[in-house]
Amino acid sequence: MSLFVQNQWYVAAYGADVGRDLFSRTVCGESILFWRTEGGVVTAMSDRCVHRRFPLSQSPSHLLGDTVVCGYHGFTYGADGVCVGVPGQARVPRTARLTAYPVVEQDSFVWVWIGDPSGAEATAIPRAPWLDDEGYTTVCGMEPLAARAGLLVDNLLDLSHETYLHGGYIGTPEVANTPITTEVDEEGGIIYVSRHMDDADCPPFYAKSTGIQGRITRWQDIEYLPPCLYLLHSRVAPTGVLPLGDGTDPGGFHVEVVYAVTPETENSTHDFWAVARDFALGDEGVSDFLRESNRTVVLQDVVALDVLEKVIASEPAGYQELSINIDTGALAARRILERMAQDGATAMEAAAR
Amino acid sequence: MSLFVQNQWYVAAYGADVGRDLFSRTVCGESILFWRTEGGVVTAMSDRCVHRRFPLSQSPSHLLGDTVVCGYHGFTYGADGVCVGVPGQARVPRTARLTAYPVVEQDSFVWVWIGDPSGAEATAIPRAPWLDDEGYTTVCGMEPLAARAGLLVDNLLDLSHETYLHGGYIGTPEVANTPITTEVDEEGGIIYVSRHMDDADCPPFYAKSTGIQGRITRWQDIEYLPPCLYLLHSRVAPTGVLPLGDGTDPGGFHVEVVYAVTPETENSTHDFWAVARDFALGDEGVSDFLRESNRTVVLQDVVALDVLEKVIASEPAGYQELSINIDTGALAARRILERMAQDGATAMEAAAR
Amino acid sequence: MSLFVQNQWYVAAYGADVGRDLFSRTVCGESILFWRTEGGVVTAMSDRCVHRRFPLSQSPSHLLGDTVVCGYHGFTYGADGVCVGVPGQARVPRTARLTAYPVVEQDSFVWVWIGDPSGAEATAIPRAPWLDDEGYTTVCGMEPLAARAGLLVDNLLDLSHETYLHGGYIGTPEVANTPITTEVDEEGGIIYVSRHMDDADCPPFYAKSTGIQGRITRWQDIEYLPPCLYLLHSRVAPTGVLPLGDGTDPGGFHVEVVYAVTPETENSTHDFWAVARDFALGDEGVSDFLRESNRTVVLQDVVALDVLEKVIASEPAGYQELSINIDTGALAARRILERMAQDGATAMEAAAR
């Protein structure tokens with residue numbers, strides 16, 4: 001059974017990362033080559049020449065029109081991964097083709113399908129529409145994590161850590177002190193964790209970007225769509241300012257914090273993060289501040305999670321954690337990820353038969 | 001069976017290393033957190049939060065009075081390792097406690113007990129009283145060794161290597177050429193190795209520190225108290241100057257060279273060293289010279305032993321060494337360490353039942 | 001069964017590498033010490049003291065006349081590896097001797113025999129006579145490869161890669177486009193691969209060194225004598241200029257490109273290369289150019305093969321390559337190397353009985 005959840009869409013890159021340079025990314029242990037055709041379409045295929053496994057992303061491999069030429073012996077492949085030329089002979093072996101991956105650009109991300117390709121089309125790709133919505137301004141990035149994806153999922157589903165690990169940025173005492181409510185949509189495989197603080201300190205992240213002075217009402221509504229997409233619907237407003245009866249919310253500031261948790265290997269993860277806001281839309285100063293602040297916060301997580309990965313590597317087998325109420329969402333996520341992994345493995349075995 | 005000798009006291013640090021900063025040290029594969037209470041007492045507890053294993057020595061974890069606060073989610077522990085606070089709820093789970101280690105300050109060292117804590121009190125901690133005796137002046141340090149502890153024990157019990165590895169510092173031809181006598185106290189588990197040179201070159205280490213000119217009588221009397229403490233009672237005097245009949249020794253210069261051999265992991269070791277002398281007591285120049293000289297000598301050992309560890313890592317299984325007379329002490333040490341390891345394992349199994 | 005082909009001669013060094021400094025090289029996983037006696041004879045013995053495995057090449061080990069003194073405890077060995085002195089006692093144990101390796105200087109190389117020494121003398125060492133022939137001028141070097149030897153054998157037996165990996169140095173389109181002929185001497189265990197280009201671009205490597213302007217006749221005749229020696233007989237001449245009927249070839253330029261492929265460990269290789277030419281014999285400018293050019297080409301291979309080794313390390317078990325006509329020689333080499341490995345293992349087992 002694979003270490004990764006199969007038959008799922010994963011974020012491999014931002015659309016802006018993929019152009020006419022050969023771009024390689026390992027997703028769920030698979031080395032995948034991405035490039036954009038002259039017509040602008042993103043392609044995804046195995047980053048290993050079928051001949052002697054040379055990486056097609058490795059110089060002097062290069063694009064020639066809508067083909068990629070291997071830098072070792074010149075095997076040449078089209079946008080569908082089929083080999084169209086080999087050295088020293090006219091005939092191209094029929095089996096010379098790279099594994100092609102279903103790939104879709106959506107919401108500024110490049111999504112790639114890992115698993116049996118026949119299931120890709122019927123499986124909806126989860127949405128993060130704010131990231132290319134005109135009504136929002138977005139800053140984003142990706143930090144490589146030398147830790148397993150599960151540690152990042154734990155981290156994101158238990159925001160009480162903001163108070164300790166991210167104090168001075170996004171954490172205040174109220175985050176750790178306010179109890180959460182957790183709901184799990186077992187059928188849909190979605191985890192919801194909410195923490196509504198009625199009267200809280202305003203951390204610098206929100207004070208400087210919104211201009212609110214004084215205490216705030218602060219809502220954190222998490223929606224995790226395993227395995228890859230994590231949404232934090234964040235609402236802040238001066239204390240007592242609530243949405244109107246008609247559902248509109250002119251007095252609130254909304255930030256959609258989006259993470260994509262993409263396993264690279266068993267012990268490393270691509271930590272994509274984006275912060276979309278519905279205020280100060282054209283304000284570059286606010287964008288710069290939020291980009292810098294969120295990157296700092298993510299890097300604080302990276303340091304902590306990389307340490308945890310090393311701790312796990314050196315600990316005796318059978319080590320037991322202790323969980324409390326704040327872990328309800330993370331424990332539900334582990335359970336659903338395990339079930340998805342099992343389902344994916346079963347489907348892959350059936351497909352292999 | 002553990003790789004390490006269980007149910008034993010080990011030197012974890014100098015007392016001066018442990019204060020109001022969180023101090024972590026791995027002893028026999030166990031990550032241990034040390035800090036000093038506001039009342040000045042050294043504490044020792046597991047350096048892993050019971051919640052999500054975050055190291056309590058890792059920033060932003062910090063001391064708050066006589067408690068330590070985890071930098072990830074704020075779990076808070078007292079000096080006895082018992083958890084006194086968790087985020088988001090008033091109730092602290094009953095099982096939330098860190099492993100506490102018996103710990104004692106003695107002879108300038110912080111000694112920690114590895115194994116079943118119930119045996120700690122009844123087990124005497126071996127002594128190195130010169131290290132905080134007013135009649136002696138001591139210089140000391142610790143060098144990390146990327147080699148298993150056994151290689152350092154081999155090294156220290158066979159000082160013939162001084163002639164070759166430490167020539168120009170503490171080695172002279174007579175060390176390698178003079179036969180040793182070895183005695184083993186099987187019951188007490190102590191190994192004695194002596195080499196008395198009646199007429200030897202005086203190496204710079206002793207010439208510069210004592211001021212003796214010309215040849216010397218040089219005695220090396222080793223006492224190894226496995227697993228951790230090694231004492232080299234060293235006496236030098238001008239050739240022919242011996243202790244008096246009444247046991248006093250006004251013509252001799254005495255240096256107590258103390259090593260503590262503390263396994264960090266299976267393949268790395270904390271190499272504590274101290275040099276206590278009964279002459280030139282207040283002379284900073286002599287202190288500086290002996291500190292620098294002994295550190296140089298220890299680093300020569302470190303280079304050699306680190307190489308040996310790499311050699312072992314790459315050698316075929318079943319490699320056989322060849323031993324000669326000079327190895328009698330080291331072979332006895334290996335035998336006693338093996339027996340202690342077996343005894344410790346048996347006791348740990350019994351305690352676990 | 002050993003990972004390496006046993007009972008074979010391997011190039012360990014150039015003769016010029018071995019003098020009165022202790023020189024260590026790992027060949028087929030065995031750490032071997034080389035030094036030259038006062039009489040100028042190259043010796044080869046295990047680079048591990050029999051006492052406590054200290055490397056005899058490691059400072060402060062040193063030569064004393066025709067003996068080598070271990071830098072740890074002073075064990076002393078003669079040129080035949082037999083121990084002649086130990087510390088603290090007059091008697092030298094009878095079994096104290098280092099493994100001695102059959103070693104021969106030939107064609108500027110130091111060849112060492114790996115396996116059962118009794119077979120060494122009867123086994124002819126393959127020849128590369130041009131390397132110290134007065135009729136040739138040679139440039140040479142050695143680059144360490146962090147890749148298994150098999151990847152270098154693959155590389156050298158399929159020169160179509162020159163067009164892609166070494167374009168601008170030795171590759172032109174004709175190399176990849178011209179079909180090869182392959183012959184295998186199964187009995188003698190030699191692989192021949194030839195590519196004769198009648199009308200080809202002249203790459204800078206040959207244009208600048210020979211002075212030919214315009215297109216060339218270019219012959220590549222490979223002779224691989226597994227496991228270690230690879231010869232590329234290269235002939236270039238202006239297009240249409242061929243050897244005479246009497247076998248002489250006054251109009252051709254001849255370059256003997258010699259590689260020795262010596263496994264260091266399972267995953268690393270000593271990549272010895274030499275370029276011997278029969279023209280511009282005393283011309284330092286040509287020597288400098290060819291040395292620099294060939295080293296650049298070898299380093300391009302090193303980068304590529306080091307990448308392939310990493311690819312193999314991370315790929316799933318059972319990965320399948322796709323081979324085409326250009327791989328005929330390399331596939332034959334793999335088959336013969338496998339047979340030689342089997343033969344060597346069988347002989348070693350018989351010798352051990």
Side-chain angles (χ1 to χ4, degrees), chain A residues 1-4 6 22 24-33 46-62 64 67-77 81-83 85-99 264-268 348 352, chain C residues 147 150-169 171-182 193-195 197 220 297 300-301 303-317 319-331 334:
Chain A
M1 177 170 148
S2 168
L3 298 157
F4 307 103
Q6 300 289 309
L22 294 165
S24 182
R25 180 143 282 160
T26 297
V27 175
C28 296
E30 308 194 17
S31 262
I32 307 178
L33 176 75
S46 170
D47 190 21
R48 301 281 179 263
C49 182
V50 298
H51 177 227
R52 287 295 175 265
R53 58 168 77 80
F54 193 73
L56 296 166
S57 60
Q58 169 90 17
S59 173
S61 300
H62 59 278
L64 196 68
T67 64
V68 55
V69 183
C70 177
Y72 196 3
H73 300 93
F75 276 58
T76 301
Y77 303 91
V82 174
C83 184
V86 302
Q89 64 188 58
R91 198 182 70 80
V92 174
R94 213 168 28 86
T95 58
R97 57 175 63 226
L98 302 170
T99 299
E264 181 190 40
T265 68
E266 188 180 359
N267 304 108
S268 61
M348 292 297 282
Chain C
L151 288 172
L152 181 54
V153 173
D154 279 359
N155 173 282
L156 292 171
L157 284 172
D158 176 6
L159 295 182
S160 72
H161 80 272
E162 290 184 350
T163 304
Y164 298 94
L165 198 56
H166 308 310
Y169 290 88
T172 69
E174 294 82 6
V175 180
N177 291 340
T178 307
I180 53 165
T181 61
T182 305
V193 179
S194 290
R195 175 182 279 111
M197 296 162 268
Q220 296 179 321
V297 162
Q300 289 170 333
D301 285 330
V303 168
L305 302 184
D306 288 3
V307 164
L308 290 187
E309 184 66 37
K310 285 185 189 162
V311 168
I312 291 173
S314 72
E315 82 191 2
Y319 179 89
Q320 292 287 331
E321 298 172 321
L322 182 143
S323 295
I324 58 172
N325 294 347
I326 54 169
D327 301 306
T328 314
L331 296 179
R334 291 187 191 177

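Chain letters run A, B, ... following the sequence lines, proteins first and then strands; every chain starts at 1. These figures come from a predicted structure and were not determined experimentally. Reckoned from all heavy atoms, side chains included, excluding hydrogens, waters and symmetry mates.
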Among A/Val50, A/Thr26, A/Val69, which residue forms the greatest number of heavy-atom pairs with chain C at distances under 4.5 Å? A/Val50
Below 4.5 Å, heavy-atom pairs only: which of C/Asn177, C/Ile312, C/Ile324, C/Asn325 has the largest tally toward chain A? C/Ile324
C/Glu162, part contacting chain A, at a heavy-atom distance under 4.5 Å: neither
CG (C/Leu322) and SG (A/Cys49) are apart, to the nearest 0.5 Å, by 8.5 Å
Mind ranking C/Val175, C/Leu151, C/Asp154, C/Asp158 by heavy-atom pairs under 4.5 Å with chain A and telling me who comes out on top? C/Asp158
Rounded to the nearest 0.5 Å, what separates atom OH in C/Tyr319 from atom CZ in A/Arg53? 6.0 Å
Counting only heavy atoms closer than 4.5 Å, note whether C/Asp301 contacts chain A via side chain, backbone, both or neither. neither
Indicate yes or no for a side-chain donor-acceptor contact from A/Asp47 to the backbone of A/Ser57 under 3.5 Å, with no hydrogens or angles considered. yes
Which bit of C/Leu305 is near chain A, if near means a heavy-atom gap under 4.5 Å: side chain, backbone, both or neither? side chain
If we define contacts as heavy-atom pairs under 4.5 Å, which of C/Val303, C/Thr178, C/Ile180, C/Leu165 has the most with chain A? C/Leu165
Determine the option with the most heavy-atom pairs under 4.5 angstrom with chain C, choosing from A/Gln58, A/His62, A/Arg91, A/Arg48. A/Arg48
Any chance the side chains of A/Thr265 and A/Asn267 put a donor and an acceptor closer than 3.5 Å? no
Sole candidate of C/Asp327, C/Val193, C/Leu157, C/Leu331 that passes side-chain contact (heavy atoms from CB on, under 4.5 Å) when paired with C/Thr182: C/Val193
Shortest non-hydrogen separation from C/Tyr164 to A/Tyr72 and the atoms involved: CB-O, 3.5 Å
